[in-house]
2 protein chains.
Amino acid sequence: MTLRSIMEVKVSMTRTEEIRVAVSTVILTLRASAGGEPGLSLPLVRRTREPFADRWALPGGWLTATEAPVDASARTLAETTGLAPSYLEQLYAFGAVDRSPTRVVSIVYWALLRQDDVVAQSAAHLASGRAPENVQWFDVDQLPELAFDHAKIIEYALWRLRNKVGYSRVAHGFLPAEFTLADLREAYEAILGKSLDPANFRRQVEAGGNLLPTDRFRTGNHRPARLYRYNTDVELADRGPLGPEESSTR
Amino acid sequence: MTLRSIMEVKVSMTRTEEIRVAVSTVILTLRASAGGEPGLSLPLVRRTREPFADRWALPGGWLTATEAPVDASARTLAETTGLAPSYLEQLYAFGAVDRSPTRVVSIVYWALLRQDDVVAQSAAHLASGRAPENVQWFDVDQLPELAFDHAKIIEYALWRLRNKVGYSRVAHGFLPAEFTLADLREAYEAILGKSLDPANFRRQVEAGGNLLPTDRFRTGNHRPARLYRYNTDVELADRGPLGPEESSTR
DNA sequence: TCAAAAGTGTTGCATCTACACCCATGT
DNA sequence: ACATGGGTGTAGATGCAACACTTTTGA
């Protein structure tokens, strides 16, 4: 019997330490499609180790002892995209016994990124040559084979997004600081997968009272469209007693 | 340097095993108040050890290696109440670094119990004398001082319940198999903390199509009220791609 | 016969939906 | 001028809140 095996027996019998805690993040943004309507896309990481070596997986890593789960998620996000999220909330803790060869509980977060941030960052990465080789963006309806239960996790994240867009303002998380009502409507259409009446959409969001009209316009091929700004006094979604997000710093 | 300290250093540097995973459950039911309107109540356990010895805490325990979190929650529930839940879903994973003296991530579940089950079980416990000494039911608006961050957790659970009752059928989780519309309305009123118009309430739930009228009536002091049965073909709440509940078995 | 809860009808208001229509710009 | 998206107006449908009213029982 080796020292190592003695340690492992001791540990497993006294506490629950053979269970490891990981944090993963579903990072969503609107891809600027060339020509057609925008759609949702997310970054995946190609695994370099077993299990599931060479398969694509959600960005993430082990939770460290000195870090709150939400901070681990934000770190993950920074490491794969270099960006701060415009919205971040916990999705679910997945802990089925057989979801991994070893016992892993994954606390999964759910992040939205602004479209313009992603575009700028992608260009910067390409220019600098520091872009991580093993990270790639995928359309959510053209995903590759995924490691672990990550396909199911992404499916659940999309379900939550589509639900939440109905009773909160999370769609703003995809947009830059100033945007037209058509931009906002296209974001909703991309999330919901159906087209909305521009006239009625306008009235609904104006009635919401979360939009601040600016005196600037976006000029293009047709009549200029007024630019709006989001009222940052209100949260994108009411998270109740939890506040904006439980955090380690405080 | 002892063997124990060597082990702990080794473990902490290679993996995340100094983080332990606990499962706790907020178990809610409607208390049958003597005379007045019913209100929400939940069982708490008096702690016998440090930290927070003698303080009240949510029922729960360590997640074991061979058990899914949801099964650990159900086990917790059976141990403290002897009952199976009528509704059970994950609430949130709490993982702030300073929420406990040692590093603990708690996956918290949220359960509803039928009122009549609780009454019957409480009587049986009293008769048998096997009732756990250190378990006690509290009204949610008369809670004692709680251990850890459990007060905040309960607050969040109640917020979720009040939200969810608006767009799902979870209130049925408090009621027995057959019930009158007044029973159902009182459950909603207890959850929401406000009174509802009986006429409009009737039309709304009847339009929902989830109630099956029986040909039986409850006779009392006044005009008999028809008994209804819940249509068990539909879930109490749409949980999306996760299905009824992620489970270890299957 | 009276009180009180069960159950039905009706009215008004707010909101959503569909769609007709005018406005302002680049080409 | 005209095509196109920006933006306004409006009529019908739907849903909900308020409340009057009828029905059925126990006391």
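A note on names: the letters A, B, ... follow the listed sequences, proteins ahead of strands, and every chain is numbered from 1. Side chains included, hydrogens not; waters and symmetry mates left out as well; all remaining heavy atoms used.
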Looking across every strand, which nucleic acid part, if any, lies under 4.0 Å from A/Ala207 by heavy atom: base, sugar-phosphate, or nothing?
nothing
Counting side-chain heavy atoms from C-beta on, which of [options] comes nearest to [X]?
X: A/Asp197; options: D/dC19, C/dA18, C/dG7; result: C/dA18
X: B/Asn221; options: D/dG26, D/dG5, D/dG6; result: D/dG26
X: B/Thr219; options: D/dG26, C/dA6, D/dT4; result: D/dG26
X: A/Arg185; options: D/dC16, D/dG6, C/dT8; result: D/dG6
X: B/His222; options: C/dA4, D/dG7, D/dC19; result: C/dA4
X: A/Ala225; options: D/dG7, C/dG9, D/dA17; result: D/dG7

Is it the case that the base of [N] and the side chain of [X] share a donor-acceptor contact (distance under 3.5 Å, atom types as modelled)?
X: B/Arg223; N: C/dA5; answer: no
X: A/Arg203; N: D/dG9; answer: yes
X: A/Asn200; N: C/dA18; answer: yes

In whole angstrom, what separates [X]'s [atom1] from [N]'s [atom2]?
X: A/Leu196; N: C/dT15; atom1: CG; atom2: P; result: 19 Å
X: B/Leu181; N: C/dG7; atom1: CG; atom2: P; result: 6 Å
X: B/Asp183; N: C/dG7; atom1: CG; atom2: P; result: 11 Å
X: B/Glu206; N: D/dC16; atom1: CD; atom2: P; result: 14 Å
X: A/Arg226; N: C/dA24; atom1: CZ; atom2: P; result: 12 Å
X: B/Glu186; N: C/dA5; atom1: CD; atom2: P; result: 10 Å
X: B/Phe201; N: D/dA18; atom1: CZ; atom2: C1'; result: 17 Å
X: B/Arg218; N: C/dG7; atom1: CZ; atom2: P; result: 11 Å

Output field: ring centroids A/His172/A/Tyr87 closer than 6.0 Å
no
Any chance the rings of A/Phe94 and A/Tyr92 have centres within less than 6.0 Å?
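Yes, the ring of A/Phe94 comes within the 6.0 Å limit of the ring of A/Tyr92, centre to centre.
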Looking at side-chain heavy atoms only, is the closest gap between A/Leu181 and A/Leu211 below 4.5 Å?
yes
With rounding to the nearest 0.5 angstrom, report the CG to CD1 distance, B/Leu42 to B/Ile154.
5.0 Å
Could you report the tightest heavy-atom contact between B/Trp56 and B/Asn134, atom names first, then the distance?
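Smallest heavy-atom distance, with atoms named: CZ3-O, 3.7 Å.
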